[in-house]
Number of protein chains: 2
Amino acid sequence: MRQTGPERVKKIRGDVTLKDIAEVVGKSVAAVSRALNDHDDIGEETRAYIKQVAREMGYIPNPMAQRLRKQSTDTLGLILPVFSPKSFDPYFSELLAGIANEAGQHGFDLLVSTCVPGPAEIQAYTRLMNGRRIDGMVVTRPRWNDERVAVLYEKEFPFVVIGDCNPAQEVPCVTDDAGFGARLVVEHLVQLGHEKIALINTPRELVFSTNFYIGFRDALHRAGLPVQEDFIIEADFSQKEGYRAAQTLLSRPDTPTAIVTADDIIALGAMAAAQDQGFQIGNDLVVTGYGDSLLSEYSQPPLTTIHRPTYTIGQKACTKLVAFIKGEPVADFREVIEPSLVIRQSSDLALWL
Amino acid sequence: MRQTGPERVKKIRGDVTLKDIAEVVGKSVAAVSRALNDHDDIGEETRAYIKQVAREMGYIPNPMAQRLRKQSTDTLGLILPVFSPKSFDPYFSELLAGIANEAGQHGFDLLVSTCVPGPAEIQAYTRLMNGRRIDGMVVTRPRWNDERVAVLYEKEFPFVVIGDCNPAQEVPCVTDDAGFGARLVVEHLVQLGHEKIALINTPRELVFSTNFYIGFRDALHRAGLPVQEDFIIEADFSQKEGYRAAQTLLSRPDTPTAIVTADDIIALGAMAAAQDQGFQIGNDLVVTGYGDSLLSEYSQPPLTTIHRPTYTIGQKACTKLVAFIKGEPVADFREVIEPSLVIRQSSDLALWL
DNA sequence: ATTATAAACTAAAAGGTTTAAGCTGTCAAG
DNA sequence: CTTGACAGCTTAAACCTTTTAGTTTATAAT
């Protein structure tokens with residue numbers, strides 16, 4: 001029954017299906033399928049032959065058919081918040097790179113969607129979930145009482161959270177330790193002799209912000225410094241908001257000598273505001289960031305910040321999510337990565353030398 | 001035959017299929033499908049009823065079944081070059097945002113994959129194509145004799161190119177006018193009185209680089225200035241490469257008074273090199289970039305550059321690709337967008353005032 | 001009264017894969 | 001010689017939707 005020659009090449013262009021292979025090798029479609037998937041109820045010889053023919057014919061499985069049948073998509077979902085048309089946070093770029101690379105390693109596709117933050121957000125999530133387009137979801141920047149997490153959890157849809165999330169919820173997550181980061185920054189500033197340290201925090205609905213605040217507060221306590229509530233202010237993730245916040249802080253009668261911010265992009269805004277008021281950053285006033293994004297290296301002056309291994313976090317989160325989807329045992333639900341301090345000129349102009 | 005009550009609600013959780021609806025309304029599966037898709041051979045009343053029941057039952061079509069049947073995926077592919085683990089070019093972030101947003105508008109999903117540039121690249125492309133995972137592909141940073149374009153073209157796979165591409169190939173593309181951008185920069189520098197203008201160009205295999213070079217050269221000619229070949233040097237898209245290139249330029253006996261670069265990130269490297277050699281950027285030496293990425297605004301000093309509307313380019317490219325896939329007539333194959341000059345302190349320190 | 005036409009549907013196939021269940025033949029144990 | 005076990009297959013169903021090619025019924029035209 002073995003055919004060779006033209007017949008076997010016939011379908012070399014166009015879409016070769018299991019049926020085509022079955023015809024050539026003279027076995028059933030099921031046998032071909034099972035041979036290619038290495039089931040053990042197909043003879044050694046037959047299996048080898050089928051595989052060879054499949055290779056020669058250039059067989060590529062039709063993913064849609066597989067997905068329909070297996071009721072799984074081998075695809076992960078990631079929804080990026082796009083605030084303004086003009087680009088988005090470099091944090092997400094790095095995260096995306098980590099996730100996408102790792103997903104590829106596991107044979108998963110990555111579906112990326114965007115949405116403007118707000119009420120439409122949850123729709124974007126449910127659309128991907130309900131549409132059975134993806135097997136699992138990556139959630140970023142978790143909030144207290146996060147509706148996204150609630151929905152995913154309730155529907156028992158596999159997901160992983162990137163960033164600190166509500167410890168009351170037992171959800172798989174990979175995060176940097178914001179509190180530890182804040183502590184590193186404050187200790188650095190205390191060492192430099194600062195006593196009046198202000199904080200521009202990210203929005204309070206983020207779990208991250210709370211942890212950052214707690215780390216900040218505790219570090220001050222530990223240094224024997226008071227926590228002045230009017231030295232603490234919130235800002236969204238934007239340069240503009242950072243500018244506004246710093247302006248407010250610096251217009252007070254008693255100005256701080258250091259401004260800790262919970263995000264690099266906010267720090268950039270804060271630096272701009274301070275500079276506009278005549279401060280020399282790194283000398284009259286110290287500003288620090290969080291994230292160690294590309295921006296912090298090239299800012300003016302370069303920004304002292306907390307290095308968060310975003311790429312690695314993306315990778316680990318992806319690995320965890322894939323394990324989850326495959327039903328493999330997941331060792332540690334909550335993976336915490338220690339960030340590190342990167343000292344640049346914005347905290348110590350002497351480094352210019 | 002109309003059922004109401006529990007039966008209709010029975011499947012409200014879990015996956016409602018056409019069959020379930022058909023049973024409830026007492027019609028055939030085909031009728032339900034045709035009603036929901038607004039075919040005109042279903043009675044007005046029936047159609048309304050079916051739609052209502054579908055809504056009540058929370059019916060969501062199974063995309064995999066649709067895709068298998070329709071032999072299309074309603075998904076676009078984008079492959080991001082990831083050079084180093086540490087983040088990627090902000091250019092791609094902005095592009096991604098534009099493409100993803102627009103794709104969503106058209107009801108398309110966006111599949112994002114990454115690959116390290118090099119020989120593995122073409123595999124990533126063929127994998128997506130051959131796997132029938134996507135209906136169309138976005139190609140970025142086209143090169144002369146671009147293998148990706150060749151493969152896509154040869155297989156008649158729908159695609160759109162973002163960025164200048166080989167004019168000999170009749171391929172759909174959306175691009176900024178690099179030559180025009182170069183001209184704007186040179187004219188600006190000439191106006192500032194510069195006569196010794198160097199160029200750090202991007203790698204010559206990119207069509208962009210050639211166009212940028214031609215614009216640069218022509219603008220010099222027009223200004224009556226000579227084109228000195230040893231003032232022209234190439235660099236990859238990295239800060240490091242920009243640093244190296246500028247170092248080379250500035251180590252020559254006759255140093256330029258202005259360095260034009262073909263990319264912001266290269267410009268940042270060039271500035272760093274110049275600063276390390278004691279130049280005051282914007283005064284002793286002028287450096288310009290291309291792209292107007294986030295970085296350029298926050299660099300030290302802020303970078304005079306060419307604004308490329310990357311987000312918009314992403315949107316337009318996506319629209320074009322979708323039209324192409326749907327077989328709609330595409331008006332202009334080649335869409336060229338004029339960039340504009342953004343003057344910051346790196347070319348004119350007086351702006352500091 | 002017959003035929004043509006249109007409206008409103010239905011049955012079945014197709015899209016490609018995987019899997020549950022069943023079948024055949026061989027060999028060994030009883 | 002029977003029974004059982006096992007290897008190595010095959011058949012048919014399932015996944016869910018869309019489309020092709022009818023079929024039925026009612027109405028209009030002849």
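Keep in mind that this is a model prediction, so the values were computed, not measured.
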Find the distance B:L18:CG to C:dC9:C1' and express it as a whole number of Å.
16 Å
Interatomic distance, NZ@B:K316 vs CD1@B:I99, rounded to 0.5 Å, equals 14.5 Å
Walking DNA chain C from its 5' end, the first of A:H39 and B:D40 to be reached, judged by nearest nucleotide, is B:D40
Does A:R69 get its side chain close enough to the base of C:dT17, under 3.5 Å, for a donor-acceptor pair?
no
Can you check the B:R47 CZ to C:dA7 P distance for me, whole Å?
13 Å
How long is the line joining OH of B:Y49 and P of C:dA8, in whole Å?
18 Å
Measure from the side-chain heavy atoms of B:L68 and tell me the nearest of C:dG15, C:dT18, C:dA11.
C:dG15
Of the candidate nucleotides C:dT18, C:dC9, C:dT19, which contains the atom at the shortest distance from the side chain of A:V29?
C:dT18
Hey, is A:D89 close enough to A:R141 for a salt bridge, meaning N to O under 4.0 Å?
yes
For A:D41 and C:dG25, what is the distance between atoms CG and C1' respectively, to the nearest whole Å?
16 Å
DNA chain D: 5'-proximal contact among A:V32 and A:K70 (nearest heavy atom):
A:V32
To the nearest Å, give me how far apart CG (A:D15) and P (C:dA14) are.
17 Å
The first and last nucleotides of DNA chain D lying within contact of chain B, meaning any atom under 4.0 Å from one of its heavy atoms, run from D:dC16 to D:dT20
For B:R67, answer base if it contacts any base atom (sugar-phosphate contacts may also be present), sugar-phosphate if it contacts only those atoms, and nothing otherwise; contact means non-hydrogen atoms under 4.0 Å.
nothing
Give B:K19 one of three labels, base, sugar-phosphate or nothing, depending on what nucleic acid heavy atoms sit under 4.0 Å from its own.
nothing
Can you tell me how far C1' of C:dT17 sits from CD of A:Q71, to the nearest Å?
12 Å
Atom CE of B:M64 and atom P of C:dT18: how far apart are they, to the nearest Å?
15 Å
Can you measure B:Q66 atom CD to C:dA14 atom C1' for me and round it to whole angstrom units?
16 Å
Please report the closest heavy-atom contact between B:V160 and B:K320, naming both atoms and the distance.
CG2-CD, 4.2 Å
Charged N to carboxylate O under 4.0 angstrom, B:R67 versus B:D109?
yes
Checking A:S72 side chain against A:D74 main chain: does a donor-acceptor pair fall under 3.5 Å?
no
Classify B:N62 by what it touches in the nucleic acid, base, sugar-phosphate, or nothing, heavy-atom distance under 4.0 Å.
sugar-phosphate
Could you measure the distance from the NE2 atom of A:H106 to the OG1 atom of A:T319? Nearest 0.5 Å is fine.
4.0 Å
Salt-bridge test for A:R334 and A:D164: reply yes if a basic N is under 4.0 Å from a carboxylate O, no otherwise.
yes
